Undergrad: 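Okay, here's the structure, questions in a sec.
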2 protein chains.
Amino acid sequence: MLDLRRLEILRRFAALGTITATADELGYSPSAISQQLATLEREAGIALIERTAQRASLTDAGRELAEHAAHILAAAETAHSRMRARAGTISGRVTISCIPALAPALAPHLATLQRLHPELSVVAHETGSTAAAAAVLDRRYDLAVIDDWSEHRPVEDAGLSVHRLRREDIVLALPTDHPLAEQSGPVTAARLRETVHHQTWLCAPVGQLSRAAGDQRLAAVNASPVRRWEFAGLHVLALLVATGAGVALLPAGIAHGQAGVTGVRLAPRMQRTILALTRPTTHEDPAIAACLHVIREALSSQQSTANYSAVKPAPGSAAS
Amino acid sequence: MLDLRRLEILRRFAALGTITATADELGYSPSAISQQLATLEREAGIALIERTAQRASLTDAGRELAEHAAHILAAAETAHSRMRARAGTISGRVTISCIPALAPALAPHLATLQRLHPELSVVAHETGSTAAAAAVLDRRYDLAVIDDWSEHRPVEDAGLSVHRLRREDIVLALPTDHPLAEQSGPVTAARLRETVHHQTWLCAPVGQLSRAAGDQRLAAVNASPVRRWEFAGLHVLALLVATGAGVALLPAGIAHGQAGVTGVRLAPRMQRTILALTRPTTHEDPAIAACLHVIREALSSQQSTANYSAVKPAPGSAAS
DNA sequence: CCAGGGGCTTAAGGAAAACTGATGCTGGAC
DNA sequence: GTCCAGCATCAGTTTTCCTTAAGCCCCTGG
């Protein structure tokens, strides 16, 4: 009979490609992984791994078994979740991935949850949105909070449950004392093009979703920045705007939370969506449901500032 | 993580109802089963078993987990079969259930198969048709050869693969020297009714499929036996017919194989179907496929005598 | 050409898990 | 009241699993 633990090991190995990496990720020695995979091959009765002294790689049979393993493990996870749902206890370990920009907002609420349920252990990492979906599917995280800057509705990731948490306006972030911030009305295409020609354009590095969305908007209005600075981290960009280094497209909540920055709504409107991803198999797990609930609460408590769209806020209104 | 072995134990326990019986069937001590179930409860985080000192019974959660276990184990079995199919080796243990009447015909062929493949171990038991389906579903057998006496097509058993092996005529078995055996033409309703009134009616005990089918036929022609003897085993019935103890409805092959017995076709025709049952999840297992193939061959090599429908065979023709 | 290192396996020993047999408990049957 | 079936628990042994250590292979860099 095939063993679930070994199938899990096979899956990780299939994803990572080397025994050493698998061992690291699962917290075992490479020797243990090697032995377990060898045992699995004996159980399966067929070679699963091509063993060149250099690198171990999956055979066709191994690849197929890894796919079967996904189904088997999913069925087992469903059963386990159902049992946990019946028990109703919020306990165990929940691994969460969060985009860096939201981690500070979430951390205290998750800490509170953990304090309420001593049996619960929440492990949160910061990961970018692009890698998070695969990581959840791969069971490396139970829950991922990501953002989606695309205009259209977020695509349902194959095999993942998508929970919409909130939708945030993207604003043009300007220094508060900047003359453009004084003008009334939203930032039209012409105004954005003009701004880009006179100001340093601050944006995230290539590969970030916010960068792609910003580039797309600039291309749409036929604007190309004369000077462009790249920085990682939306909060850092907001800080740079405040110091007068330039202007940037930022989520309203972030622009607004930074003293010295004024966010001006765009026309046409631009938004990002904050999503949570879970595996459908863990839906019923009360621990994960509790985490998701807390995250939803945490994000909606910021709702008042998030969808901020006043053209000229009073300077102190962010604190309200 | 839930353990497959423990889930299997849970399933067996769910089917059998007592820890002792489960232990017997799986070849462990009751203590081991008790401990494994306790461990499973710890893993599941919820009570699965109601423990009265008297008898252990499943809780609702236990029942549900047992159902999930069926799915998980089926997925695992599918994967295992696929691996075995890839390996292509005919090996391992295959458990077969067979109705008693066919066991002699099958045994030598299965023995030959086993001789050809020393790694293969075939374990065959004799079981009635009614219990076999459940036993296959329950993974107590991998393959079951059963007969179906109902007039209509055999119903697809939920979750089982049905393989039609052959269809046999049912004949009225008479002593060869009996005056009725001399008459030409099939046994019509009137003739059957008359026969039943003058002869001792030999049939299987209540509960057997052949008994139900025979009773149904008698009811259809409005006949009720004046004297009825019940014996288990179709071959025994044939032998009794030969000794002049009475008449019986028997498969043509069995009636025909018994010296001193003449089988006369019925009108309307009456038939039984020989079927094999497997789990769909083990379809691709070459060992099981090989067994099924051998069984099919074994039964079709008797085909010439099976569908025997001559009204008055020459006495020696059965030996040809 | 040889040293170094990454990746994997094998061997040996110790830790953890699992099974057995014995013992004790409970509640119904005789 | 005694017996018995069924189950849990405990102690001890066997099996499984993991780690450390050593070795092999092949590539790379000096």
Side-chain angles (χ1 to χ4, degrees), chain A residues 1-63 65-66 69 73 76 80 93, chain B residues 1-63 65-66 69 73 76 80 93:
Chain A
M1 179 175 302
L2 298 170
D3 183 86
L4 279 195
R5 265 169 20 93
R6 291 191 250 274
L7 289 177
E8 169 74 13
I9 291 174
L10 179 69
R11 259 195 81 65
R12 292 298 168 91
F13 175 76
L16 295 173
T18 98
I19 289 184
T20 307
T22 309
D24 280 350
E25 181 153 327
L26 295 176
Y28 290 121
S29 67
S31 172
I33 302 301
S34 175
Q35 291 177 60
Q36 289 301 311
L37 288 177
T39 304
L40 184 60
E41 284 188 290
R42 249 192 306 103
E43 288 174 344
I46 188 173
L48 303 172
I49 292 173
E50 205 101 50
R51 317 167 112 79
T52 72
Q54 199 64 359
R55 149 174 263 92
S57 63
L58 285 179
T59 63
D60 285 350
R63 251 184 301 280
L65 185 56
L73 290 168
H80 200 186
R93 159 186 296 246
Chain B
M1 181 175 302
L2 299 170
D3 183 85
L4 279 195
R5 266 169 18 93
R6 290 191 252 274
L7 289 177
E8 169 74 13
I9 291 174
L10 180 68
R11 260 195 80 64
R12 292 297 169 92
F13 174 76
L16 295 172
T18 97
I19 287 184
T20 307
T22 308
D24 280 348
E25 180 152 327
L26 295 177
Y28 291 120
S29 66
S31 171
I33 302 301
S34 175
Q35 292 177 60
Q36 288 301 309
L37 287 177
T39 304
L40 184 60
E41 286 188 288
R42 249 193 304 105
E43 288 174 344
I46 188 172
L48 303 172
I49 292 173
E50 207 100 51
R51 319 168 109 75
T52 72
Q54 197 64 359
R55 151 173 259 91
S57 63
L58 285 178
T59 62
D60 285 349
R63 251 184 300 280
L65 185 55
L73 290 168
H80 200 186
R93 160 187 295 246

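The structure displayed is predicted, hence computed values, not measured ones. Here is how names work: the chains are called A, B, and so on, in the same order as the sequence lines, proteins then strands, and each is numbered from 1.
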Undergrad: With rounding to the nearest 0.5 Å, note down the distance linking CG in A:Leu16 to CD in A:Glu25.
TA: 5.0 Å

Undergrad: Between P on C:dG6 and CZ on A:Arg55, what's the gap in Å once rounded to a whole number?
TA: 13 Å

Undergrad: If I take atom CZ from residue B:Arg5 and atom CG from residue B:Leu26, how far apart are they, to the nearest 0.5 angstrom?
TA: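 Here the rounded value is 9.5 Å.
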
Undergrad: Quick one: B:Phe13 CZ to D:dG6 P, roughly how many Å, whole number?
TA: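 From B:Phe13 CZ to D:dG6 P: 12 Å.
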
Undergrad: Go through D:dA8, C:dT10, D:dC17 for me and flag the one nearest to the B:Arg51 side chain.
TA: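 It is D:dA8.
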
Undergrad: Would you kindly give the CD-to-C1' distance between A:Glu50 and D:dC25, to the nearest whole Å?
TA: 16 Å

Undergrad: Do the side-chain N or O atoms of A:Thr20 get closer than 4.0 angstrom to the phosphate oxygens (OP1, OP2) of C:dG6?
TA: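 A:Thr20 to C:dG6 OP1/OP2: no side-chain N or O under 4.0 Å.
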
Undergrad: May I have the distance from A:Arg42 (atom CZ) to D:dC17 (atom C1'), rounded to whole angstrom?
TA: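 Result: 12 Å.
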
Undergrad: Quick one: CD on A:Glu41 to CG on A:Leu10, what's the gap to the nearest 0.5 Å?
TA: 9.0 Å

Undergrad: Would you say A:Arg6 places a side-chain N or O within less than 4.0 Å of OP1 or OP2 belonging to D:dC17?
TA: yes

Undergrad: Ignoring backbone atoms, establish whether A:Thr18 has a side-chain N or O less than 4.0 Å from OP1 or OP2 of C:dG7.
TA: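 So the side-chain polar atoms of A:Thr18 never come under 4.0 Å of the phosphate oxygens OP1 or OP2 of C:dG7.
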
Undergrad: Please check the phosphate of C:dC19 (OP1 and OP2 only) for any side-chain N or O of B:Arg5 closer than 4.0 Å.
TA: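 Yes, within the criterion.
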
Undergrad: Give the rounded distance in Å between these two atoms: CD of B:Gln36 and P of D:dT9.
TA: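 To the nearest whole Å, that distance equals 14 Å.
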
Undergrad: Over how many whole Å does the gap from B:Tyr28 atom OH to C:dT20 atom P extend?
TA: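 Distance check: B:Tyr28 OH to C:dT20 P gives 8 Å.
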
Undergrad: Are B:Ser34 and D:dA8 close enough that a side-chain N or O sits under 4.0 Å from OP1 or OP2?
TA: yes

Undergrad: Indicate, with a heavy-atom threshold strictly under 4.0 Å, whether B:Ala32 touches base, sugar-phosphate, or nothing.
TA: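 Contact class for B:Ala32: base.
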
Undergrad: Regarding B:Ser31 and B:Gln35, do their side chains bring together a donor and an acceptor under 3.5 Å, going by distance alone?
TA: yes

Undergrad: Just to confirm, is there a sub-4.0 Å distance from OP1 or OP2 of C:dT9 to any side-chain nitrogen or oxygen of A:Gln35?
TA: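 For A:Gln35, the contact criterion (side-chain N or O under 4.0 Å from OP1 or OP2 of C:dT9) is not met.
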
Undergrad: In Å, rounded to the nearest 0.5 Å, how long is the span from CG of A:Leu40 to CG of A:Asp3?
TA: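 The CG atom of A:Asp3 is 8.5 Å from CG of A:Leu40, to the nearest 0.5 Å.
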
Undergrad: With a 4.0 Å cut-off on heavy atoms, is A:Ser31 in touch with a base, just the backbone sugar-phosphate, or nothing at all?
TA: base

Undergrad: Grab the CD1-P distance between A:Ile33 and D:dC17 for me, whole Å please.
TA: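 It is 13 Å, rounded to the nearest whole Å.
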
Undergrad: To the nearest Å, give me how far apart CG (B:Leu48) and C1' (D:dA8) are.
TA: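 Between C1' of D:dA8 and CG of B:Leu48: 16 Å.
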
